[in-house]
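Positions are given from 1 along the sequence. One-based numbering, in listed order, for ligands and for the atoms of each.
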Amino acid sequence: MQNHQAFIDAARDVIGHAHVLTSDLDMYAQDWRKKYFGRPLAVLRPASTAEVAALVRLCMVHAVAIVPQGGNTGLCGASVPDASGEQVVLNLGRLNGVRSVDPANNTMTVEAGCILQTLQETAESVDRLFPLSLGAEGSCQIGGNISTNAGGVQVLRYGNTRDLVLGLEVVLPSGEILDLLRGLRKDNTGYDLKQIFIGAEGTLGIITAATLKLFPAPKASAVAFAALSSPAQAVNLLQQMRAELGERFTAFELMSDASVDLIRRHFPASPNPFAARHSWYVLMEATDGGTDAALGGLFEGALERVLEQGLIEDVALASSKAQAGELWMMRENVAEAQQIDSPNIKHDISLPISSIPEFIDEVVGTLEQTYPGVRPIIFGHLGDGNLHFNMARPLALDNARWLEQTQAVNTIVHDAVVRHRGSISAEHGIGQLKQAEMAHYKSAAELLVMRAIKRAIDPQLLMNPGKVVDMGSKS
Ligand SMILES: Cc1cc2nc3c(=O)[nH]c(=O)nc-3n(C[C@H](O)[C@H](O)[C@H](O)COP(=O)(O)OP(=O)(O)OC[C@H]3O[C@@H](n4cnc5c(N)ncnc54)[C@H](O)[C@@H]3O)c2cc1C
């Protein structure tokens, strides 16, 4: 305890009394899904890279474990401490400057605590696009996005966060500052060190700044909502629309009927463009640098052809930005609707797109046989092969009895994912939630390399311990 007080006093000397919090810490201690509730020793809120480095050195001297935290919207319990009262949360919210914007190089260099939406607006202000876009964009931070290699709704065209990062600045567990802030699209000078920190969930160091790619700002967009009978039709539709629209095609989001029903129940003002109910729905978007009228014409023509070919059962093309926004809002409300409804057993999986129809048939079939009445809330970024494959309880079971089945349901789903050569975590990461699952499904060789990297960079094992790779008994 004495030792802790000495640490807290020293931290206050570094960043000021007001930025070392020791009371009212609940908002930093609990994850977004309210699955994990830790007890931080303190919350440290540095405002510069130098302060982060000084705090990290201090933590190493006092052997205090660090949990980096951005917007705390992560979905795997990676951004909150354990219940020991021995770990500090290092919250990056005050490190939020835009260091430079370079429209000619199509880059911006920004600090880790910048809110994603603010960066989208920064790009817009110089007539550029920063394409990372996800439901939590109003509160997640770019440091968190990079640390989770976030996906979102425009991966189809622009890639994951990893594809949007040209340079990084990282404070290593030693307290050294690793300056990789280069805005280069070509740089073959040995190992690409930044990649190791992207998606590392704060287990290898603290990202303090990044140089990000910008793109020409789209001038026109077209959004449509289509009804289909099966995931196989959705896969065919995706191929056809990509062939018709090429690079213009930016998003292709699948939703099961049960997902749409859930959204409408909890958000009754959601649009309902079709008279009849259908088994599956797809939200699609195309953008380009031309006019809305020209792009709308192309999009409509493509949709007429797929309708004639019987690839879709019905379609509604948004006739205004407001209508397009409402359709997108509906998609973005799925996570919230599940949160309000009843607990789901959730999976964030990816598969080769061609395997998705067979996977859904097979696994939904097995689950329906095992748990009659189970409600599959399946939605996600089909264009990237990424499904949020969530199972709501059969109405005959209460919440507690359904959640008791979590491991059994996970085994059915994840065994099938691995059989189809997919991933048990497509975009949310591992955190605490999937650490055991990852250890079960990854090969011994993969785990060996992961542990070797972790030990080499963080020999005291103080960076976000207990997250991603288990350094305990299997090491
Ligand atoms: C409604 C909703 C919708 C979502 N939609 C998507 C989606 O479409 N796609 C998607 O990929 N995710 C999605 N997410 C998950 C989440 O928003 C992302 O994982 C996001 O990237 C997390 O950013 P954050 O700033 O909140 O990070 P946090 O939750 O604070 O942290 C996440 C991880 O990053 C680490 N970390 C944070 N900042 C740093 C840093 N500066 N340096 C080192 N490590 C750091 C933390 O220790 C933790 O391991 C969604 C979440 C919600 C609530």
Distance-only polar pair, side chains of Thr287 and Ser221, donor-acceptor under 3.5 Å: no

Atoms in ligand 1 flagged as close to Leu75, the criterion being non-hydrogen separation under 4.0 Å: 14 (N), 15 (C), 50 (C), 51 (C)

Test item: side-chain donor near acceptor, Tyr36 and Asp82, under 3.5 Å: no

Any Cys76 heavy atom less than 4.0 Å from ligand 1: no

Partner residues of Ser133 under the side chain to side chain donor-acceptor pair (under 3.5 Å) criterion, sequence neighbours left out: Glu137

Polar contact flag, side-chain donor to acceptor under 3.5 angstrom, Thr203-Asn464: no

Nearest-neighbour protein heavy atom for atom 31 (O) of ligand 1, which is reported as residue plus atom name and distance: Ser79 CB, 3.5 Å

Proximity of Glu336 to ligand 1 by residue part, where a heavy atom lies under 4.0 Å: neither

For Ala112, the ligand 1 atoms whose distance to one of its heavy atoms is below 4.0 Å: 41 (N)

Check: Gln141 N/O within less than 3.5 Å of ligand 1 N/O: yes

Close approach of His381 to ligand 1, heavy atoms, under 4.0 angstrom: yes

Nearest non-hydrogen protein atom, atom 35 (C) of ligand 1: Ser147 CB, 3.7 Å

Interfacing atoms of ligand 1 (cut-off 4.0 Å, heavy-atom, Leu92): 41 (N)

Nearest non-hydrogen protein atom, atom 11 (O) of ligand 1: Gly151 N, 2.9 Å

Pair Thr122-Ser125, side-chain donor/acceptor within less than 3.5 Å: no

No-hydrogen, no-angle side-chain donor-acceptor test under 3.5 Å, Thr208 and Glu169: yes

For Ala150, the ligand 1 atoms whose distance to one of its heavy atoms is below 4.0 Å: 11 (O), 21 (O)

Check: Asn390/Gln338 side-chain N/O donor and acceptor closer than 3.5 Å: yes

Contact check, His428 vs ligand 1, heavy-atom distance below 4.0 Å: yes

Pair Glu51-His19, side-chain donor/acceptor within less than 3.5 Å: no

Nitrogen or oxygen atoms of Ile206 and ligand 1 under 3.5 Å apart: no

From CA spacing to verdict: salt bridge (Lys or Arg N to Asp or Glu O under 4.0 Å), Arg375, Asp261: CA-CA 11 Å; Arg375 290 163 300 147; Asp261 187 49; over 6 Å; no

Thr148 contact mode with ligand 1 (heavy-atom cut-off under 4.0 Å): side chain

Under-4.0 Å heavy-atom contact with ligand 1, by part of Asn464 that carries it: side chain

